[in-house]
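Protein chains get the first letters and strands the later ones, always in sequence-line order, with residue 1 at the start of each.
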Amino acid sequence: MPELPEVEVVRAGLEPAVTGATVSSVTVFDERSLRRHSGPAEDFVDRLTGRGIVSAERRGKFLWLPLGPSTASGTEEEGPEALVVHLGMSGQVLLRDRETDDRLTRIRIELDHPFHRQLRLNFVDQRIFGSMAIDRLLQTPDAPSGLVPGQVAHIARDPLDPQFDDRLFLARLARRNTGVKRALLDQTLLSGVGNIYADEALWAARVHFDQPTSTLSRPRAKLLLAEVRLVLAKALGEGGTSFDAQYVNVNGASGYFSHSLNAYGRQGKPCPRCGRPITRVSFMNRGSHFCAFCQRVR
DNA sequence: CCCCTCACCTGATCGC
DNA sequence: TGCGATCAGGTGAGGG
């Protein structure tokens, strides 16, 4: 699902259900879904079983559930840990009762919750680009208040984060020597933006995807950042973008934002601004959708 | 250090 | 119906 709005929909759906719950059992059906876990499946299962879940956090497209103290004694000086989830291209976290199975479930986590009683988290992932992992929580240099998993430490804040630093972003962007869409997709520069919302924000700001970052004027860069924020916030308000049942919230429901797309997936259809057809070109092994009239390199 | 390409995967869908 | 080709919203390792 997974750009910022879709991941945030999952995080927000998970939070009330998992906070205060205890992991009662873990089943790994496909070990490839542990690609970001350093260790075998048994290690993942052992370290997760019996742990309490403290909250549900997110940075960019990474999601994590901080864990309470381990019941295994003597190892707590290692510091706090979290269950890290990345949805990749096709991952879902589905909140179910203990009887419900989902096709393509790669990992199943069963929870006991004081109010919601017995729950089941099915991690479903067609392409297995997503993953779960247990990772240590670290203090990051840019976050005096926040702990993030080690594997998320290099990810920048997202533009909806109140602590996102606009001036720092604009300065780093201007120093880049690449095309602006590449920069938008670079999660170490700003996080949460993927192919859909990059194309949508570029369309809204009337910027060509391959405009060199070094020649993008500061006013246009600021406008682009503002449009990134707008499109992310709007999509979040509509429950994310889903074209099919692949992108859903924790209850399996789809978002509505696909009805609001102006450029992404609309090749051949009229640009909502000027009426000329939207172009699709291959770029970075994916599609870039833009209006060749409204969005020109300059 | 920065930038870019590519490998990693499966399943749904489309055209023949 | 069947079969091969094509496509999909992400990330990080490794080469230049």
Side-chain angles (χ1 to χ4, degrees), chain A residues 1-10 29-38 58-63 84-93 102-107 123-133 135 149-156 158 171-202 209-210 212-214 228 231-232 235-236 238-249 254-261 263-267 280-289:
Chain A
M1 327 196 150
E3 298 182 42
L4 184 153
E6 295 77 31
V7 179
E8 175 58 22
V9 165
V10 171
F29 298 106
D30 195 323
E31 198 153 351
R32 292 174 297 176
S33 288
L34 295 177
R35 65 169 68 227
R36 290 180 178 85
H37 181 77
S38 60
R58 181 187 60 75
R59 176 175 286 199
K61 305 169 196 171
F62 281 84
L63 181 66
V84 182
V85 184
H86 196 289
L87 300 174
M89 294 277 257
S90 54
Q92 306 174 22
V93 179
D102 292 289
R103 218 163 73 79
L104 305 179
T105 297
R106 311 299 186 185
I107 297 172
F123 180 69
V124 172
D125 189 10
Q126 182 201 120
R127 292 177 74 184
I128 325 187
F129 286 175
S131 63
M132 286 188 156
D135 199 4
Q151 58 186 268
V152 182
H154 66 294
I155 302 292
D158 68 65
R172 292 185 65 201
L173 181 71
R175 259 184 272 127
R176 286 294 170 106
N177 202 356
T178 188
V180 67
K181 181 169 173 181
R182 274 206 156 83
L184 285 182
L185 295 177
D186 183 344
Q187 305 295 302
T188 68
L189 193 56
L190 83 171
S191 66
V193 177
N195 204 37
I196 296 179
Y197 299 116
D199 281 0
E200 290 301 304
L202 288 165
F209 68 90
D210 217 9
T213 47
S214 53
V228 166
V231 73
L232 292 177
L236 187 52
E238 295 181 31
T241 299
S242 24
F243 306 119
D244 52 46
Q246 189 127 121
Y247 300 104
V248 297
N249 66 13
S254 298
Y256 287 97
F257 193 71
S258 60
H259 304 293
S260 307
L261 296 174
Y264 184 86
R266 300 194 70 250
Q267 59 270 24
R280 179 189 191 275
V281 297
S282 188
F283 176 72
M284 292 175 76
N285 292 322
R286 62 221 312 161
S288 265
H289 311 76

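Applying the side chain to side chain contact (heavy atoms under 4.5 Å, CB included) test to A:Ser288 and every residue at least two apart in sequence or in another chain returns A:Lys181, A:Asp199, A:Phe209, A:Val281, A:Phe283. Among residues two or more places apart in sequence or in another chain, the salt bridge (charged side-chain N to carboxylate O under 4.0 Å, His left out) test is passed with A:Arg58 by A:Glu8, A:Asp158. Applying the side chain to side chain donor-acceptor pair (under 3.5 Å) rule to A:Ser260 yields the partners A:Glu238; only residues at least two apart in sequence or on another chain are considered. Residues forming a salt bridge (charged side-chain N to carboxylate O under 4.0 Å, His left out) with A:Arg35 (at least two apart in sequence, or on another chain): none. Qualifying side chain to side chain contact (heavy atoms under 4.5 Å, CB included) partners for A:Thr178, counting only residues two or more places apart in sequence or in other chains: A:Arg176, A:Arg182, A:Ala183, A:Thr213. For A:Lys61, there are no side chain to side chain donor-acceptor pair (under 3.5 Å) partners, not counting sequence neighbours. Looking at residues two or more places apart in sequence or on another chain, you find no side chain to side chain donor-acceptor pair (under 3.5 Å) involving A:Arg286. When the side chain to side chain contact (heavy atoms under 4.5 Å, CB included) test is applied to A:Arg103, no partner is found at least two apart in sequence or on another chain. In this structure A:Arg280 satisfies the side chain to side chain contact (heavy atoms under 4.5 Å, CB included) test together with A:Gln267, A:His289, sequence neighbours excluded.
The shortest distance between side-chain heavy atoms of A:Leu173 and A:Leu190 does not fall below 4.5 Å. Counting only heavy atoms from C-beta outward, the side chains of A:Val9 and A:Leu236 approach each other to under 4.5 Å.
A:His154 has no side-chain polar atom (N or O) that falls below the 4.0 Å cut-off from OP1 or OP2 of C:dT11. Regarding contacts with the backbone of C:dG10, every side-chain N or O of A:His86 stays at 4.0 angstrom or more from both OP1 and OP2.
Rounding to whole angstrom units, CZ of residue A:Arg175 and C1' of B:dC2 are separated by 12 Å. Put simply, CD on A:Glu3 is 12 Å from C1' on C:dA8, counting in whole angstrom units. Per the geometry, CG belonging to A:Asp158 stands 15 Å off P belonging to C:dG10, to the nearest Å. The distance from atom CG of A:Asp210 to atom C1' of B:dC3 is 13 Å, rounded to the nearest whole Å. Rounded to whole Å, atom P of C:dC7 lies 13 Å from atom CE of A:Met89. Between A:Asn195 atom CG and C:dT11 atom C1' the separation is 14 Å, expressed in whole Å. Going from atom CD of A:Gln151 over to atom P of C:dT11 covers 12 Å, rounded to whole Å. We find that CG of A:Leu184 is positioned 14 Å from P of B:dC4, with the value rounded to whole Å.
Nearest to the side chain of A:Tyr264, among C:dG12, B:dC3, C:dA8, sits C:dA8. Candidate nucleotides B:dG11, B:dC3, C:dG10 were compared by shortest atom distance to the side chain of A:Arg103, and B:dG11 ranks first.
Counting any heavy atom pair closer than 4.0 Å across all strands shown, A:Phe62 reaches sugar-phosphate atoms only and no base atom.
Listed by first residue number, the stems of DNA chain B with at least three Watson-Crick or G-U pairs below 3.5 Å are B:2-8 with C:10-16, B:10-16 with C:2-8.
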Collect all protein-nucleotide pairs involving nucleotides 13-16 of chain C in which both atoms are nitrogen or oxygen and the distance is under 3.5 Å.
none

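Ring planes of A:Tyr197 and A:Phe257: tilted class, angle from 30 to 60°.
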Heavy-atom contacts, protein to nucleotides 5-10 of chain B, under 4.0 Å, summarised as B (base), S (sugar-phosphate only) or - (none) per nt, yield SB-BBB

